[in-house]
A.B. asks: 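Here it is, the structure in full.
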Amino acid sequence: MAPVKTESGPKLVPLGDRLAVLLDVFSPWEGISLSYRQFAAALGGSVTEAAIKKWPHRKKFPADVARLIVTKAKELGIPDVSLEWVLWGEGAGPQKGTKKVPVAELQQHRELANSIAEALRFDLAHNEFGQWSSVEVQRTVIWSLKDLARRLWVLRFPMSETFKLTDEWGTKIGLPSRSLASTASPDEFSGPAPSGGGAPGR
C-alpha cells in the first residue's frame, strides 16, 4: 500500500526571509534596505544590533519583539505586518520592493536639498576680504563637505558625486584623497557598506 500523504499546510516564509522583508519595508528609502543597526533604531532602541544578527538562526522571532514590530509597523503606516506573519510566516505579509515614495514627500525632499544648496551658494559667494585665497578656508570647506558626505553615505545616500567634487578640489590644494573603491577604517560614523564598494573617505 502507498503511504498516506499528509495534507501540507500553507508554505511558511523562513525567518531570515521575513527579516529581509522587514528591513526593506521599514526603510524610508525606495530600493535601499535598512542595516541591522538602523532597524534597531527604527524599533525604538529596545532591541540591539547584536540581537538582530542572531534572528536568522532562530526558529521564530521572540514574542515580545514580534509584538513590537507589529506595533511599530502600524505607527509607520506599513500594511500587512501581522503578528502571525512575523512569528510564523503565515499569510501574505508585506511585499518587498513594492514601497513607493509619495510624490508630495519626494517634492519636499527636493525642496529641502535645493534650499540647502542655495543657502550654501549664497554664503560661500562672499569674498570681500579675499577668504578664498586662504588655503585654510579652502581646506575647511573641503573637509567639512567630505565629512558631511561620509555621514550621509552611512545613511545610504549615494554621495559619489560629492566625493568626486571634493577630491578634485582637494587635489588642487594638495589634500590627500582616497578612491571610492577603497575601504574606510572603522570610526563612529561607519556602518555596513551599501552594495557596490567600500566607504569613501577623506
A.B. asks: List for me each residue that meets side-chain contact (heavy atoms from CB on, under 4.5 Å) alongside Asp64, sequence neighbours excluded, and say none if there are none.
C.D. replies: Pro62, Arg67
A.B. asks: Taking only residues two or more places apart in sequence, or in another chain, which ones meet Ala41 in a side-chain contact (heavy atoms from CB on, under 4.5 Å)?
C.D. replies: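 So Ala41 forms no side-chain contact (heavy atoms from CB on, under 4.5 Å) with any residue.
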A.B. asks: Is the closest side-chain heavy-atom distance between Lys146 and Asp167 below 4.5 Å?
C.D. replies: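 SC-SC contact between Lys146 and Asp167 confirmed.
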A.B. asks: Within the 4.5 Å heavy-atom criterion, are Leu145 and Leu165 side-chain neighbours or not?
C.D. replies: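 Leu145 does not reach Leu165 side chain to side chain.
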A.B. asks: For a quick test of your reading: what N or O donor-acceptor pairs under 3.5 Å do the side chains of residues 117-126 make, sequence neighbours left out?
C.D. replies:
unit_1, atom_1, unit_2, atom_2, d
Glu118, OE1, Arg121, NE, 3.4
Glu118, OE2, Arg121, NE, 3.4
Glu118, OE2, Arg121, NH2, 2.8
His126, ND1, Glu128, OE2, 3.4

A.B. asks: Within the 4.5 Å heavy-atom criterion, are Phe39 and Ser27 side-chain neighbours or not?
C.D. replies: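 With C-beta onward as the side chain, the pair stays apart.
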A.B. asks: Measuring from atom CZ of Arg58 to atom CG of Leu19, what distance do you get when rounded to the nearest 0.5 angstrom?
C.D. replies: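 These two atoms lie 12.0 Å from each other.
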A.B. asks: Looking at residues at least two apart in the chain, or sitting in another chain, which of them share a side-chain contact (heavy atoms from CB on, under 4.5 Å) with Leu148?
C.D. replies: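 side-chain contact (heavy atoms from CB on, under 4.5 Å) list for Leu148, sorted by chain: Leu152.
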A.B. asks: Quick check: do Ser46 and Leu68 have side-chain heavy atoms less than 4.5 Å from each other?
C.D. replies: yes
A.B. asks: So do Leu22 and Val81 actually touch side chain to side chain, heavy atoms under 4.5 Å?
C.D. replies: yes
A.B. asks: Got a sec, which residues hit salt bridge (Lys or Arg N to Asp or Glu O under 4.0 Å) with Lys74, two or more places apart in sequence or on another chain?
C.D. replies: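 Lys74 satisfies salt bridge (Lys or Arg N to Asp or Glu O under 4.0 Å) with no other residue.
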A.B. asks: To the nearest 0.5 Å, what is the distance between OG1 on Thr166 and CE on Met159?
C.D. replies: 9.0 Å
A.B. asks: Cut-off 3.5 Å, no hydrogens considered: what does the side-chain donor-acceptor table look like for residues 133-140, sequence neighbours left out?
C.D. replies:
unit_1, atom_1, unit_2, atom_2, d
Ser133, OG, Gly130, O, 2.6
Ser134, OG, Glu136, N, 3.2
Ser134, OG, Val137, N, 3.3
Gln138, NE2, Trp132, O, 2.5
Thr140, OG1, Glu136, O, 2.8

A.B. asks: Applying ring-ring contact (aromatic ring centres under 6.0 Å, His included), name anything that partners Trp55, two or more places apart in sequence or on another chain.
C.D. replies: Phe61
A.B. asks: Using a strict cut-off of less than 4.0 Å between a Lys/Arg side-chain nitrogen and an Asp/Glu carboxylate oxygen, indicate whether Lys53 and Glu49 qualify as a salt bridge.
C.D. replies: yes
A.B. asks: So, using side-chain contact (heavy atoms from CB on, under 4.5 Å) as the criterion, who are the partners of Glu75 when residues are at least two apart?
C.D. replies: Thr71, Lys72
A.B. asks: In the hydrophobic cluster built from side-chain contacts under 4.5 Å, what are the other members alongside Leu112?
C.D. replies: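 Answer for Leu112: Ile116.
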